Amino acid sequence: MKASQLFFPTLREVPSEAEVISHQLLLRAGFIRKASGGVYSYLPLAYRVLKKIMNIIREEMDNSGGQEIMMPIIQPKELWEQSGRWELYGDEMFRLSDRHDRFFALGPTHEEMITTIVKNDIHSYRGLPLLLYQIQNKYRDEIRPRFGLMRGREFIMKDAYSFDIDGGGLESMYQVMMQTYNRIFARFKLKFRMVEADSGAIGGNESHEFMVLAESGENEIVYCSACDYAANVEKAEAADIALEFCNEEELPLEKMSTPNKRTIEEVSKFLNVKENRIIKSLLYFADSNPIMVLCRGDRDINEIKLKNVVGSKELTLADDGTANQILGASFGSLGPKDVNLPIYADLEVKYMQNAVCGANENGYHLINVNQKRDLSDMFFADLRNVAAGDQCPNCSQNLFSIRGIEVGQIFKLGLKYSEALDANFLDSEGNTRHMIMGCYGIGVSRTMAAAVEQNYDDDGIIWPLSIAPYQAIVIPVNVKNEEQMQTAVLIYEELLVLGIEAILDDRDERAGVKFKDADLIGIPLRITIGPKSLQSNQAELKVRWEKEISLVPIAGIVEKVKTILET
RNA sequence: CGGGAUGUAGCGCAGCUUGGUAGCGCGUCUGGUUCGGGACCAGAAGGCCGCAGGUUCGAAUCCUGUCAUCCCGACCA
């Protein structure tokens with residue numbers, strides 16, 4: 001492609017609307033333009049990157065027995081009513097009606113659709129297992145779309161669905177997809193990590209997420225220094241271990257005045273005790289039943305774990321007024337002593353001695369609280385967020401934490417949709433059984449943004465070779481110099497003959513402008529033909545992520561480029 | 001949904017307090033001089049000042065409403 005014909009409107013300044021680096025650079029480098037909040041057009045360079053990502057996915061999915069299909073974006077309300085998600089999905093689903101006042105959803109996902117398709121035409125175990133996938137736009141009316149392509153309302157996703165005869169079939173399909181995903185992300189040349197993930201409302205089933213590692217990631221991952229344990233903090237299990245101060249002598253319980261000290265931090269300072277010796281007491285409603293939830297003051301309750309332990313559908317934190325009604329005190333003074341509510345406590349609370357907690361009286365806290373001696377009965381469970389420095393649940397070594405961008409998730413759905421939508425088949429013995437499903441997603445457009453979040457410098461994007469929009473750019477320093485131009489064209493055409501995707505920057509611009517643009521759009525290899533090196537029949541070769549420029553004889557430069565691309 | 005901020009040329013911004021019919025830098029176009037990391041000179045095009053009402057002889061500027069965009073929050077007392 002000649003740069004003079006390529007539509008890549010680069011900007012010299014950072015558009016004021018962009019905050020995160022991928023958003024800024026994709027706008028500046030002329031990859032995307034915004035249509036509305038969370039909705040973007042992909043310009044030629046972006047679409048080339050997306051196609052590369054999609055093709056890698058296709059190749060690997062097809063290799064693993066997947067078959068690509070395309071389902072409608074517009075989906076009738078009735079379909080979603082069958083699964084109950086017309087209500088459940090809530091405001092996040094885009095809805096529309098036609099001229100006859102029939103309602104439709106813009107597909108946020110396709111479980112209902114795929115299950116319907118498969119159940120209508122597969123009636124025998126002979127048709128199973130089946131793995132179908134599509135790459136398509138998804139629509140989710142996010143509360144707050146943000147970070148450019150990272151959290152859009154319209155985005156491109158690969159979604160795959162598997163149908164199996166039994167749990168064993170699903171298990172082997174799941175393993176295959178796990179390996180497939182590892183191959184896909186390895187081919188993107190991104191630093192990533194597969195982590196254990198929470199399975200959400202479905203419960204009990206297995207799920208893994210694929211995280212591209214980047215500081216700006218919205219997810220926190222904990223991983224073990226010694227073994228291969230890695231999990232999203234939402235999911236990571238806390239080890240059930242005793243604290244170092246668990247063998248103290250029990251001191252007498254006392255009530256202390258703590259006027260206007262509401263937060264853990266304030267109470268900690270005021271009473272001069274460490275935050276990890278304060279019991280944090282929260283009042284929740286589990287499906288409208290009040291419960292008290294405890295954890296150490298320096299810890300955070302993990303609501304996903306809590307929800308799973310309590311077994312409730314909905315979990316909401318009470319407001320201050322409700323706390324006063326039920327416990328007779330405001331936030332900051334709540335505590336678990338003499339409370340007539342179910343109490344759920346994090347495992348660590350079991351080991352806390354001579355601790356501090358609210359007295360259920362405004363402005364007062366109890367000190368030297370010892371759970372067995374002083375507090376009501378409570379149910380212990382792993383309820384907190386694991387943090388860096390905690391012990392690995394597998395091997396007891398230290399856990400570290402790192403941030404990641406979730407670009408893929410694989411999931412054992414089980415019977416959820418096959419039961420709701422009655423997707424049955426006859427097994428080899430003539431019994432009617434439900435199909436067992438799995439689903440497997442990859443955020444395609446988010447992967448492009450994540451690649452930028454992970455690979456950039458002050459000059460612009462640094463695309464990994466496998467997903468770069470073009471592999472090489474040939475820059476004649478001065479297009480009016482015939483010798484330079486002819487040499488550049490020659491090299492460019494040789495690259496094309498070898499199937500290398502190249503740009504010839506034939507624009508009548510100063511060299512600096514071309515260098516700046518080449519860096520900004522992030523082309524991995526740059527070949528410069530200028531007067532200096534041309535004298536000795538050489539051209540300059542620069543790799544985007546390296547500092548040095550090497551001089552290569554013109555006769556051998558195309559071979560050299562080919563070699564680099566093949567390694 | 002709550003809080004904050006911003007909408008003026010393709011991009012970045014000034015002007016608004018104190019109303020008088022719009023400006024700067026970059027980019028774009030023409031001509032010329034240049035030519036190895038975002039050149040210089042001269043000239044030019046480009047704006048219903050987000051939209052709708054209102055006040056006024058007169059509104060980018062004041063008032064009301066509305067829409068859009070961005071940030072923070074919407075859970076840890």
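In this text the structure is predicted, and so the values were computed from the model without any measurement. Values below: every heavy atom of this structure, side chains too, minus hydrogens, waters and symmetry copies. Just so it is clear: chains get the letters A, B, ... in the order the sequence lines come, proteins before strands, and each one is counted from 1.
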Any residue meeting salt bridge (charged side-chain N to carboxylate O under 4.0 Å, His left out) with [X], in chain and number order, not counting sequence neighbours:
X        : result
A/Arg151 : A/Glu142, A/Glu218
A/Lys138 : A/Asp159
A/Arg140 : none

If you check every side-chain atom of [X], which of [options] has the closest atom?
X        : options             : value
A/Glu509 : B/G36, B/G38, B/U28 : B/U28
A/Lys516 : B/U34, B/G12, B/G37 : B/G37
A/Thr528 : B/G36, B/G37, B/G38 : B/G36

### Query
Salt-bridged, A/Glu348 to A/Arg296, with N to O below 4.0 Å?
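Answer for the salt bridge query: yes.
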
### Query
Got a salt bridge between A/Arg384 and A/Asp300, using NZ or NE/NH1/NH2 to carboxylate O under 4.0 Å?
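Salt bridge absent between A/Arg384 and A/Asp300.
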
#### Entry: G-U wobble or Watson-Crick pairing nucleotide for B/A39 (cut-off 3.5 Å, both distances)
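B/A39 is paired with B/U33.
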
### Task
Find the partner of B/G2: check Watson-Crick (N1-N3 plus N6-O4 or O6-N4) and G-U wobble (N1-O2, O6-N3) distances, both under 3.5 Å, and reply none if neither fits.
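Base-paired to B/C72.
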
### Pairs involving residues 9-40 of chain A, ordered by first then second residue, that meet ring pair (Phe, Tyr, Trp, His ring centres under 6.0 Å) (sequence neighbours left out)
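For residues 9-40 of chain A: A/His23-A/Tyr40, A/Phe31-A/Trp463.
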
### Message
For residues 357-380 of chain A, which residue pairs pass the ring pair (Phe, Tyr, Trp, His ring centres under 6.0 Å) check, not counting sequence neighbours?
### Response
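Listed once each, the pairs are A/Tyr344-A/Phe379.
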
Between [N] and [M], how many Å separate the two [atom1] atoms, rounded to a whole number?
N     : M     : atom1 : value
B/C16 : B/U61 : P     : 13 Å
B/G23 : B/C40 : C1'   : 23 Å
B/U6  : B/C75 : C1'   : 29 Å
B/C51 : B/C11 : P     : 15 Å
B/C70 : B/G15 : C1'   : 23 Å
B/C24 : B/A9  : P     : 14 Å
B/A42 : B/G27 : P     : 15 Å
B/U21 : B/C26 : P     : 26 Å

### Message
Once side chain to side chain contact (heavy atoms under 4.5 Å, CB included) is applied, do any residues pair with A/Glu546, and if so which ones, sequence neighbours excluded?
### Response
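For A/Glu546 the side chain to side chain contact (heavy atoms under 4.5 Å, CB included) partners, ignoring immediate neighbours, are A/Val543, A/Glu548.
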
Between protein and nucleic acid, restricted to nucleotides 41-45 of chain B and to nitrogen or oxygen atoms under 3.5 Å apart, what atom pairs and distances do you find?
none

### Message
Protein within reach of the bases, or only the backbone? For nucleotides 22-27 of chain B, mark each nucleotide 5' to 3' as B, S or -, using heavy atoms under 4.0 Å.
### Response
---BSS

#### Entry: Atom-pair distance (CZ on A/Arg507; C1' on B/G38), nearest Å
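To the nearest whole Å, that distance equals 11 Å.
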
### Task
Sequence neighbours left out, what pairs pass side-chain hydrogen bond (donor to acceptor under 3.5 Å, both in side chains) with at least one residue falling in residues 474-487 of chain A?
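Found A/Lys480-A/Asp508.
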
Show every donor-acceptor pair shorter than 3.5 Å between a side-chain atom in residues 4-12 of chain A and any protein atom, with sequence neighbours excluded, or say none if there are none.
from: A/Ser4; atom 1: OG; to: A/Asp506; atom 2: OD1; distance (Å): 3.1
from: A/Ser4; atom 1: OG; to: A/Asp506; atom 2: OD2; distance (Å): 2.7
from: A/Thr10; atom 1: OG1; to: A/Asp517; atom 2: OD1; distance (Å): 3.1

Below 3.5 Å is the cut-off: list the nitrogen or oxygen pairs between protein and nucleotides 69-76 of chain B, distance only.
from: B/U69; atom 1: OP1; to: A/Gly37; atom 2: N; distance (Å): 2.7
from: B/U69; atom 1: O3'; to: A/Lys34; atom 2: NZ; distance (Å): 3.0
from: B/C72; atom 1: OP2; to: A/Arg144; atom 2: NH1; distance (Å): 2.9
from: B/C72; atom 1: OP2; to: A/Arg144; atom 2: NH2; distance (Å): 2.6
from: B/C75; atom 1: O2; to: A/Glu303; atom 2: OE2; distance (Å): 3.3
from: B/C76; atom 1: O2'; to: A/Lys280; atom 2: NZ; distance (Å): 2.3
from: B/C76; atom 1: O2; to: A/Ile301; atom 2: N; distance (Å): 3.2
from: B/C76; atom 1: N3; to: A/Ile301; atom 2: N; distance (Å): 3.3
from: B/C76; atom 1: N3; to: A/Ile301; atom 2: O; distance (Å): 3.2
from: B/C76; atom 1: N4; to: A/Ile301; atom 2: O; distance (Å): 3.1

May I ask you to verify whether the side chain of [X] and the base of [N] hold a donor-acceptor pair under 3.5 Å?
X        : N     : answer
A/Asp459 : B/G37 : no
A/Asn478 : B/G36 : no
A/Arg28  : B/G38 : yes

### Message
Using the side-chain hydrogen bond (donor to acceptor under 3.5 Å, both in side chains) criterion, which residues pair with A/Glu494? Sequence neighbours excluded.
### Response
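None.
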
### Task
Could you verify whether a donor N or O on one side chain and an acceptor N or O on the other, from A/Gln371 and A/Tyr351, lie under 3.5 Å apart?
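No, no side-chain donor-acceptor pair sits under 3.5 Å.
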
